[in-house]
Peer 1: 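Please see the structure below; I have some questions.
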Amino acid sequence: MKLIFLGPPGAGKGTLAVKAVEILKIQQISTGSIFRAAVAAESTLGLKVKAIMDAGQLVDDETTIALVRERLAMNDVQNGFILDGFPRTIPQAQALSEFSAIDKVVNFDIPDSGVLERLGGRRVCRKCGFNFHAVFNKPKQEGICDHCGGEVYIRDDDKPEAIQKRLEVYREQTAPLIDFYRQKGLLVDIDARPMVDEIVENFKKAMGL
Ligand code: AP5
């Protein structure tokens, strides 16, 4: 199955993607995680995108499309994938349609208040990328990942001014994709407000599993 997870920042796309890849036995491709790994490695790509990401802006379409095109050509995704955080603009969606056919687009529906609550409390493992939350899903030991023992930190783009910018960018550049994919008959809406286990069940029903 070839899926896109679409939704505002902090809607829970990455959290559900981790569960969904186990259920569907497919790969998660998170453009945000790929960019964060590049920043951590201080690669040429990382040096180029760090300031853009910290400010809550989007990386340019050309760079992002080239990265996804290359990733989707790899062998491990030929049976399916979840694109988590791509496409984010109409040009990205148009480019994607030239190199991959998508089965469904899962649209995470959540009000801004939910986004602010989730991003305000998000804690992430620097090593394995697992998402915790200061209230809803705390690591067993403060500051240490339950899964790999890595350091749990607050993402630079989870600072209040960057969160506001990301929401603005989402409304202007990404939200138009909802109609773009609805018109193509690919959109499946998911209520992203409940706790994770309920969302997983609703996702399975929506996928006919
Ligand atoms: P990216 O990493 O994709 O960020 P995002 O879309 O803003 O999404 P998030 O990772 O913030 O949120 P999420 O929806 O995955 O929520 P999560 O599961 O973590 O992108 C980062 C940056 O990279 C962008 O700003 C941009 O600069 C660049 N970039 C990436 N893709 C790009 C593209 N295509 N084009 C251009 N630039 C691009 O959950 C959030 C929190 O809530 C966690 O703490 C979690 O534990 C908690 N939580 C999740 N679900 C629930 C639930 N059901 N109940 C309670 N708590 C929950």
Peer 1: Give the C-alpha distance, both sets of side-chain angles, the deciding distance and a yes or no for salt bridge (Lys or Arg N to Asp or Glu O under 4.0 Å) between K50 and D157.
Peer 2: CA-CA 10 Å; K50 182 173 181 351; D157 60 352; over 6 Å; no
Peer 1: Among D60, D61, T174, T64, whose side-chain hydrogen bond (donor to acceptor under 3.5 Å, both in side chains) with T89 holds?
Peer 2: D61
Peer 1: Can you establish whether the number of heavy atoms outside E161 located under 6.0 Å from its atom CD is more than 12?
Peer 2: yes
Peer 1: Which atom names give the shortest non-hydrogen contact between I144 and P139, and what distance separates them?
Peer 2: O-CB, 3.3 Å
Peer 1: Kindly give the heavy-atom pair with the smallest separation between H147 and C128, and that separation in Å.
Peer 2: CB-SG, 4.5 Å
Peer 1: Locate the shortest heavy-atom distance separating G10 from L119; write the atom from each residue and the value.
Peer 2: CA-CD2, 3.3 Å
Peer 1: Is there side-chain contact between K204 and L24, with at least one heavy-atom pair below 4.5 Å?
Peer 2: no
Peer 1: Kindly indicate whether the side chain of S100, heavy atoms from C-beta on, has any atom under 4.5 Å from the side chain of F81.
Peer 2: yes
Peer 1: Between the main-chain N or O of G150 and the side-chain N or O of R126, is there a donor-acceptor pair closer than 3.5 Å?
Peer 2: no
Peer 1: Calculate, to the nearest 0.5 Å, the distance between atoms CD1 and CG belonging to I26 and D76 respectively.
Peer 2: 11.5 Å
Peer 1: For the residue pair M207 and K104, what are the closest heavy atoms and their distance?
Peer 2: CE-CD, 3.7 Å
Peer 1: If every non-hydrogen atom of I199 is compared with every non-hydrogen atom of A192, which pair is closest and at what distance?
Peer 2: CD1-O, 3.5 Å
Peer 1: Please tell me if the side chains of V106 and I82 come closer than 4.5 Å, counting only heavy atoms from C-beta onward.
Peer 2: no
Peer 1: Starting from I154, can I reach F132 by hopping between I/L/V/M/F/W/Y residues whose side chains sit under 4.5 Å apart?
Peer 2: no
Peer 1: Mark yes when over 12 heavy atoms from residues, nucleotides or ligands other than D191 sit less than 6.0 Å from its CG; otherwise mark no.
Peer 2: yes
Peer 1: Between F86 and I102, is there shared hydrophobic-cluster membership here, with clusters defined by ILVMFWY side-chain heavy atoms closer than 4.5 Å?
Peer 2: yes
Peer 1: In Å, rounded to the nearest 0.5 Å, how long is the span from CD of Q27 to CG of L83?
Peer 2: 11.5 Å
Peer 1: Quick check on R193: does its CZ atom have over 12 non-hydrogen neighbours (other residues, nucleotides or ligands) under 6.0 Å away?
Peer 2: no
Peer 1: What heavy-atom pair brings P87 and L6 nearest, and what distance separates the two atoms?
Peer 2: O-CD1, 4.2 Å
Peer 1: State, with a plain yes or no, whether a side-chain heavy atom of R155 is found less than 4.5 Å away from one of M53.
Peer 2: no
Peer 1: Would a distance-only check, ignoring hydrogens and angles, find a side-chain to backbone donor-acceptor pair under 3.5 Å from E172 to L167?
Peer 2: no
Peer 1: If Ile, Leu, Val, Met, Phe, Trp and Tyr residues are connected whenever their side-chain heavy atoms lie under 4.5 Å apart, and connections chain through other members, are I90 and V59 in the same group?
Peer 2: yes
Peer 1: Show your reasoning for whether side-chain contact (heavy atoms from CB on, under 4.5 Å) applies to Y170 and D112.
Peer 2: CA-CA 11 Å; Y170 167 77; D112 285 2; over 6 Å; no
Peer 1: In Å, rounded to the nearest 0.5 Å, how long is the span from CD of Q92 to CD1 of I4?
Peer 2: 10.5 Å
Peer 1: Under the side-chain contact (heavy atoms from CB on, under 4.5 Å) rule, what do V105 and V188 come out as? Steps first, then yes or no, please.
Peer 2: CA-CA 6 Å; V105 177; V188 177; over 6 Å; no
Peer 1: Going by salt bridge (charged side-chain N to carboxylate O under 4.0 Å, His left out), D158 matches just one of R123, R166, K165. Which one?
Peer 2: R166
Peer 1: What I'd like to find out is whether the side chain of V200 reaches to under 4.5 Å of the side chain of L16, using heavy atoms alone.
Peer 2: yes
Peer 1: Starting from I190, can I reach L187 by hopping between I/L/V/M/F/W/Y residues whose side chains sit under 4.5 Å apart?
Peer 2: no
Peer 1: To the nearest 0.5 Å, what is the distance between CD on E151 and SG on C125?
Peer 2: 8.5 Å
Peer 1: Is I163 linked to F136 within one hydrophobic cluster, defined over Ile, Leu, Val, Met, Phe, Trp and Tyr using a side-chain heavy-atom separation of less than 4.5 Å?
Peer 2: no
Peer 1: About how many Å separate CG of D156 and CG of D54, when rounded to the nearest 0.5 Å?
Peer 2: 4.5 Å
Peer 1: Atom CZ in F108, atom CD1 in I178: separation rounded to 0.5 Å?
Peer 2: 12.0 Å
Peer 1: With the side chain counted from C-beta on, respond yes when D197 and E201 share a heavy-atom pair under 4.5 Å apart, and no when they do not.
Peer 2: no
Peer 1: Within a 6.0 Å radius of atom CD on E62, are there more than 12 heavy atoms belonging to other residues, nucleotides or ligands?
Peer 2: no
Peer 1: Given side-chain contact (heavy atoms from CB on, under 4.5 Å), test R118 with T15 step by step and report yes or no.
Peer 2: CA-CA 11 Å; R118 288 189 184 169; T15 300; over 6 Å; no
Peer 1: Does the side chain of T63 pick up a donor-acceptor pair with the side chain of K48 at under 3.5 Å?
Peer 2: yes
Peer 1: Main chain of P8, side chain of K13: is a donor-acceptor contact present, judged purely on distance under 3.5 Å?
Peer 2: yes
Peer 1: Is there a side-chain contact between I34 and V68, using heavy atoms and a 4.5 Å cut-off?
Peer 2: no
Peer 1: Determine the interplanar angle of the F5 and F203 rings, folded into 0 to 90°, and report it as parallel if under 30°, tilted if 30 to 60°, perpendicular if over 60°.
Peer 2: perpendicular
